[in-house]
Amino acid sequence: MTAPLKNDLLIRALLREPVSRTPVWIMRQAGRYLPEYRAVREKAGDFMSVCSNPELACEVTLQPLRRFKLDAAILFSDILTIPDALGLGLYFETGEGPKFRNPVSTESEIKNLAVPDVADKLGYVFDAVSLIRRELDGQVPLIGFAGSPWTVGTYMVEGGSSREFTKIKGIAAENPALLEHMLDVVAATTTDYLNAQIDAGAQAIMIFDTWGAALELDDYRRFSLAGMQRIIDGLQREKDGARIPVILFTKGAGSMLTEMVATGCDALGVDWTTDLDQAREFTGDKVALQGNLNPAMLRESPEVIEQGVADVLASYGNGPGHVFNLGHGITPDIDPEHLGVLVDAVHRLSPAYHG
């Protein structure tokens, strides 16, 4: 038996239920800005050695909760575990980010992709989820996650990080059906992967679409949004009598938030380029919103950070349905004390919006 949630603010906010204050968690809250994380990674040897070891993944997932009064834990993993399970050979070059030994770009390589047995290939992730749930002991909910098929697909085709996405956009233009086949395989694998995270104990799910906004609107609908829709359609949305909320996040979505509402997600992540009051208009208050302080604000003084928090809270305004977060992940150069200022400011200033 897992312990009942002692702090369910995140779940209630994602379901647009009344809360006493705005819950707060931070994308990439477990990671390189924390000295204790850097110590674990140095001892482990590399990033994937932490990800693939359930005890180490559990440890770094819990590290930020020991420092800050956060309202959720998020599994320590990576969106590129999926292509690794598909046989692409994920590795990380120091200072260069993720790379693949076997990227796919030819027709035969893409057509040979097949949905793997996630329990066999990614069992270490589910073991980590189970262990984290046990160690959390109901303290806060655990968020599981995956990348969107389009975003994951860019790495699979480009062989690593890209700014122009030349290869994958070339396939989209010349052989869109081939690209859709690849995205379908990734979507089916991701659905199995997220459902297994839910079975192991994840209490909310987030889908990260970091590169969706690199597409024109029609291509976004076809190659990015459609894949996320397939995943949402296949997810189990309830476990042990509790709703499993789903958050979609397309960085730079802007007015595309209007399109994203129709997927049936419970919440949408919003980056700092769209004000939350505008996002509420785009979405018609039909879903919760998560965000959206600019991560660069954490480099500023405590007074500036507090004002930034106040501005975000005021932009969302009164009522339920807001989860405070950054507009993208916290960066490695941030002083952890500055995140403490942010969290404390949310705790202090947000109750006024929940009368």
Side-chain angles (χ1 to χ4, degrees), residues 7-14 16-34 63-74 139-141 143 204 206 208 247 249 251-254 257 267-283 285 287-355:
N7 174 351
D8 65 352
L9 286 175
L10 175 83
I11 303 298
R12 285 195 281 137
L14 291 174
R16 303 185 70 249
E17 295 173 358
V19 290
S20 57
R21 63 168 175 81
T22 304
V24 54
W25 70 277
I26 301 297
M27 289 186 276
R28 294 192 191 140
Q29 66 189 24
R32 292 176 292 173
Y33 73 105
L34 290 176
Q63 283 175 344
L65 298 175
R66 297 182 190 129
R67 275 186 182 253
F68 313 113
K69 294 177 181 176
L70 296 159
D71 295 301
I74 182 164
Q139 179 185 346
V140 293
I143 302 167
M206 184 159 175
F208 286 88
I247 312 160
F249 175 56
K251 184 175 176 240
L257 292 166
L268 292 173
V270 183
D271 77 0
W272 65 94
T273 61
T274 303
D275 289 337
L276 290 182
D277 56 353
Q278 188 179 27
R280 286 186 88 166
E281 286 184 34
F282 285 147
T283 58
D285 254 351
V287 294
L289 298 176
Q290 176 176 281
N292 69 337
L293 188 72
N294 188 333
M297 188 76 73
L298 288 176
R299 299 190 189 105
E300 304 295 337
S301 69
E303 293 76 19
V304 172
I305 294 168
E306 288 196 16
Q307 186 58 54
V309 169
D311 291 345
V312 169
L313 291 169
S315 181
Y316 186 85
N318 293 320
H322 181 209
V323 173
F324 199 101
N325 209 313
L326 300 178
H328 200 234
I330 188 170
T331 52
D333 58 316
I334 296 303
D335 180 346
E337 295 298 318
H338 285 201
L339 180 54
V341 171
L342 179 154
V343 173
D344 290 345
V346 175
H347 280 249
R348 191 172 69 255
L349 299 175
S350 68
Y353 294 94
H354 303 278

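Start at 1 with the first residue, then count along the sequence.
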Contact summary for Gly291 and Val312, nearest pair of heavy atoms: O-CG1, 3.7 Å
For Glu303, all residues meeting side-chain hydrogen bond (donor to acceptor under 3.5 Å, both in side chains), sequence neighbours excluded: Ser301
Partners passing side-chain hydrogen bond (donor to acceptor under 3.5 Å, both in side chains) against Asn318 (at least two apart in sequence or in another chain): none
Residues that Ala72 engages under side chain to side chain contact (heavy atoms under 4.5 Å, CB included), provided they are two or more places apart: Leu10, Trp25, Ile143
Note, Arg28 side chain near Leu326 side chain (heavy atom, < 4.5 Å): no
Pairwise side-chain contact, Phe208 with Lys251, heavy-atom cut-off 4.5 Å (strictly under): no
Charged N-O contact under 4.0 Å between Asp71 and Arg21: yes
Residue list, side-chain hydrogen bond (donor to acceptor under 3.5 Å, both in side chains) with Arg67, at least two apart or on another chain: Glu36
Point-to-point distance, once rounded to the nearest 0.5 Å, from CD of Gln290 to CD1 of Ile247: 4.5 Å
Phe282 side chain reached by Leu268 side chain, heavy atoms, under 4.5 Å: no
Residue from Val309, Val343, Leu349, Asn292 passing side chain to side chain contact (heavy atoms under 4.5 Å, CB included) with Phe324: Val309
For Leu298, the option from Asp335, Ile334, Thr331 that meets side chain to side chain contact (heavy atoms under 4.5 Å, CB included): Ile334
Contact summary for Leu293 and Trp272, nearest pair of heavy atoms: C-CB, 4.3 Å
Test item: Asp275 side-chain N/O and Asp277 main-chain N/O as donor-acceptor pair under 3.5 Å: no
For Asp271, all residues meeting side-chain hydrogen bond (donor to acceptor under 3.5 Å, both in side chains), sequence neighbours excluded: Thr273
All side chain to side chain contact (heavy atoms under 4.5 Å, CB included) counterparts of Glu281, not counting sequence neighbours: none
Approximate separation, where rounding is to 0.5 Å, of Leu339 CG and Leu34 CG: 8.0 Å
Point-to-point distance, once rounded to the nearest 0.5 Å, from CD1 of Ile305 to CZ of Arg299: 11.0 Å
Separation of Ile74 CD1 from Gln29 CD (nearest 0.5 Å): 7.0 Å
Nearest non-hydrogen partners of Val270 and Ala279, listed with the distance: CG2-CB, 4.1 Å
Heavy-atom side-chain proximity of Phe249 to Met27 below 4.5 angstrom: yes
Under 3.5 Å: donor-acceptor pair, side chain of Tyr316, backbone of Val323: no
Distance in Å, Leu289 CG paired with Asn325 CG, rounded so as to fall on 0.5 Å steps: 12.0 Å
Leu14 backbone acceptor or donor facing His322 side chain under 3.5 Å: no
N/O donor-acceptor pair under 3.5 Å between His354 side chain and Pro18 backbone: no
Within 6.0 Å of CZ in Arg32, more than 12 heavy atoms from elsewhere: no
Side-chain donor/acceptor of His347 to backbone N/O of Lys69, under 3.5 Å: yes
Exercise: identify the closest heavy-atom pair between Gly327 and Pro295: N-CD, 4.3 Å
Beyond-backbone contact of Gln307 with Glu300, side-chain heavy atoms, under 4.5 angstrom: no
